[in-house]
Amino acid sequence: MLDWARKRNHVLPVIVGVIGALSTAFLWVMHPLLGLSTGLFSAFVLYLEIVTQLSFRAPRKRKPVLEQQGWDTQDVLVNGCSVRHYLWRGEPSKPVAVLVHGWTSGAVRMDRRALSFIQRGWSVVLIDLPGHGGSGDLPKWTAERCTTILLESLDRMNIMESNLFSNGVWYYGHSMGAFVGLRISKRREQADWTAHLSGWVFESPMTGYTEIHHETCNILRIPFPLRSVVLAKTIRHFNALNSDVGTIQALSEADMPAWGLPSEPILLVQADPDERLGPIHAMRLVSSMEANDRSELLTVHMLPELRHTGGYTNDARKARVDAWLDQQSIHSSSV
């Protein structure tokens, strides 16, 4: 019953609020002091439920859907959530690039980034994450749930498009899109299309949830003595929402390398400075690859010309992506 309530918005705050109000009123009649103490305790529990629920909020505003010519729109229903895909059909013998946007953004902000792949004759899939663009909403938003949905929706797309991904899949993730990509690398055995993963491009990636949790606590002005309590409740809600794919016990499990660690070549194009996430996320990616003897797979470009937000077009970024893709092509041809 409790896990059922944790999976849904507003249910626990409403239940706690109603029970608290009724208990306070009943005990107030019996003894005002007892009613007052009950009311204060109920308000405290209600506060904890509200701030915990806010940790799973989706963006309030959406970017518009992509309406550029050349893109075929496909909506795939996964576990009650409609996921909007945009397909650019390239040469059937070429690989496919899957591009995933960041938090509060959308596929409409990724089509210029897709040019590096389109100009090579590749097919490209852009995706509106749940709660963004033309996709449906989630009762509570988590990157884990988005990963579950993307793994299945792309499997279905691969069937509908006659093995679209059989010539290789290259994943491009910006910010939150990279965080979802890292989780896909961890859960690759849960989908068929991931068997064709060939490489990753991460632009100013989010690589852990620890800093986001601390930022959320600061935004909500949660007192420091209560933050461990809120974290414990947040983890319980997270596990209830994702019980079908496993659970986590500590916040560190939502950071690299535990969250995910690719085993294919990676290009990191990093805004320098990163005005949104700061340097820690890129540093975590580099250190995780080094600690797991995968440094040779990682190419890093720190770009002073790039910003975390507002980088719809960027010549320096495109030049680095193009050059890296050329190198990967040469390497693949020589193997």
Side-chain angles (χ1 to χ4, degrees), residues 63-74 84-129 132-135 150 154 157 161 164-165 167-178 180-181 184 193 196-205 262 264-272 274 299-333:
K63 290 288 190 295
V65 298
L66 179 65
E67 295 180 334
Q68 297 292 334
Q69 290 186 347
W71 295 94
D72 291 340
T73 300
Q74 299 181 359
R84 177 68 56 88
H85 301 74
Y86 306 89
L87 173 62
W88 183 281
R89 300 179 189 277
E91 300 173 31
S93 61
K94 296 289 183 69
V96 176
V98 175
L99 278 69
V100 181
H101 60 84
W103 179 252
T104 74
S105 188
V108 70
R109 303 295 294 172
M110 300 298 288
D111 64 319
R112 302 299 294 179
R113 292 172 169 90
L115 288 177
S116 292
F117 308 98
I118 291 173
Q119 291 167 353
R120 285 167 168 74
W122 294 21
S123 294
V124 177
V125 178
L126 307 183
I127 297 171
D128 282 332
L129 290 174
H132 297 73
S135 290
L150 259 61
L154 290 174
M157 189 174 192
E161 294 294 330
L164 176 68
F165 302 128
N167 294 312
V169 182
W170 298 71
Y171 184 100
Y172 188 122
H174 174 226
S175 192
M176 174 64 75
V180 172
I184 287 174
W193 67 271
H196 306 290
L197 280 166
S198 303
W200 309 79
V201 179
F202 292 144
E203 178 185 341
S204 302
E264 297 80 22
I266 303 172
L267 171 65
L268 169 63
V269 282
Q270 176 65 36
D272 185 26
D274 188 325
T299 301
V300 178
H301 289 294
M302 308 298 291
L303 302 180
E305 309 94 329
L306 183 63
R307 293 293 176 267
H308 187 98
T309 57
Y312 179 58
T313 59
N314 186 279
D315 292 339
R317 177 189 62 212
K318 187 176 186 305
R320 299 303 192 282
V321 173
D322 286 344
W324 183 78
L325 289 173
D326 288 341
Q327 291 175 357
Q328 301 308 309
S329 177
I330 292 171
H331 176 73
S332 298
S333 299

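Quick caveat, the model's predicted, so the values are computed rather than measured.
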So which atom in Ala271 and which in His308 form the shortest heavy-atom distance, rounded to 0.1 Å?
CB-N, 3.7 Å
Which atom of His301 lies closest to which atom of Leu267, heavy atoms considered:
CD2-CD1, 3.7 Å
Anything under 30° is parallel, anything over 60° is perpendicular, the rest tilted; go ahead and classify Phe117 against Tyr172.
perpendicular
Has Arg112 got more than 12 heavy atoms of other residues, nucleotides or ligands less than 6.0 Å from its CZ?
no
For the residue pair His85 and Thr73, confirm or rule out a side-chain donor-acceptor distance under 3.5 Å.
no
Do the non-hydrogen side-chain atoms of Val108 and Val65 ever get within less than 4.5 Å of each other?
no
With a 4.5 Å limit on heavy-atom distance, are the side chains of Lys94 and Ser123 in contact?
no
For the pair Trp193 and Phe165, name the ring-plane relationship: parallel under 30°, tilted 30 to 60°, perpendicular over 60°.
tilted
Anything under 30° is parallel, anything over 60° is perpendicular, the rest tilted; go ahead and classify Trp170 against Trp324.
perpendicular
Tell me the closest heavy-atom pair linking Leu197 and Ile184, and the distance in Å.
CD1-CG2, 4.5 Å
If we only count heavy atoms from C-beta on, is the His101 to His132 side-chain gap below 4.5 Å?
yes
Under a 4.0 Å threshold between the charged nitrogen and the carboxylate oxygen, would Arg113 count as salt-bridged to Glu203?
yes
State whether the number of non-hydrogen atoms from other residues, nucleotides or ligands found under 6.0 Å of Asp315 atom CG is greater than 12.
no
Does the pair Met157 and Gln74 meet the rule for a side chain to side chain contact (heavy atoms under 4.5 Å, CB included), with working shown?
CA-CA 9 Å; Met157 189 174 192; Gln74 299 181 359; 3.5 Å; yes
Please give me the minimum heavy-atom distance between Pro205 and Gln270, naming the atom from each residue.
CD-OE1, 3.3 Å
I'd like to know if Asp322 pairs up with Arg120 as an ion pair, taking the criterion as any Lys NZ or Arg NE/NH1/NH2 lying under 4.0 Å from an Asp or Glu carboxylate oxygen.
yes
Checking Glu161 against Arg89 for the salt bridge (Lys or Arg N to Asp or Glu O under 4.0 Å) test, could you report, in this order, the C-alpha distance in whole Å, the side-chain angles of both residues, the deciding distance, and whether it holds?
CA-CA 10 Å; Glu161 294 294 330; Arg89 300 179 189 277; 2.5 Å; yes
To the nearest 0.5 Å, tell me how far Trp200 CH2 sits from Ile266 CD1.
8.0 Å
Separation of Ser204 OG from His174 NE2 (nearest 0.5 Å):
5.0 Å
Please walk me through it: do Val180 and Leu150 pass side chain to side chain contact (heavy atoms under 4.5 Å, CB included)?
CA-CA 9 Å; Val180 172; Leu150 259 61; 4.1 Å; yes
Rounded to the nearest 0.5 Å, how far does CG of Leu325 lie from NZ of Lys318?
9.5 Å
At their closest point, which heavy atom of Asp272 faces which heavy atom of Arg307, and how far apart are they?
O-NH1, 4.5 Å
Could you tell me the separation between the CG atom of Leu87 and the CD1 atom of Ile127, rounded to the nearest 0.5 Å?
11.0 Å
Parallel, tilted or perpendicular for Phe202 and Tyr171, by the 30°/60° rule?
perpendicular
Out of curiosity, Leu126 CG to Asp111 CG, how far, rounded to the nearest 0.5 Å?
7.0 Å
Between the main-chain N or O of Gly311 and the side-chain N or O of Arg317, is there a donor-acceptor pair closer than 3.5 Å?
yes
side-chain contact (heavy atoms from CB on, under 4.5 Å) test vs Tyr86 passes for just one of Asp128, Leu99, Asp72, namely Asp128
If you measure from CG on Leu129 to CE on Met176, what distance do you get to the nearest 0.5 Å?
8.5 Å
Examine distances only and state if a side-chain atom of Ser198 and a backbone atom of His196 form a donor-acceptor pair shorter than 3.5 Å.
yes
Locate the shortest heavy-atom distance separating Val125 from Leu164; write the atom from each residue and the value.
CG2-CD2, 4.1 Å
Treating Ser135 as the side-chain partner and Arg84 as the backbone partner, does any N or O pair qualify as donor plus acceptor under 3.5 Å?
yes
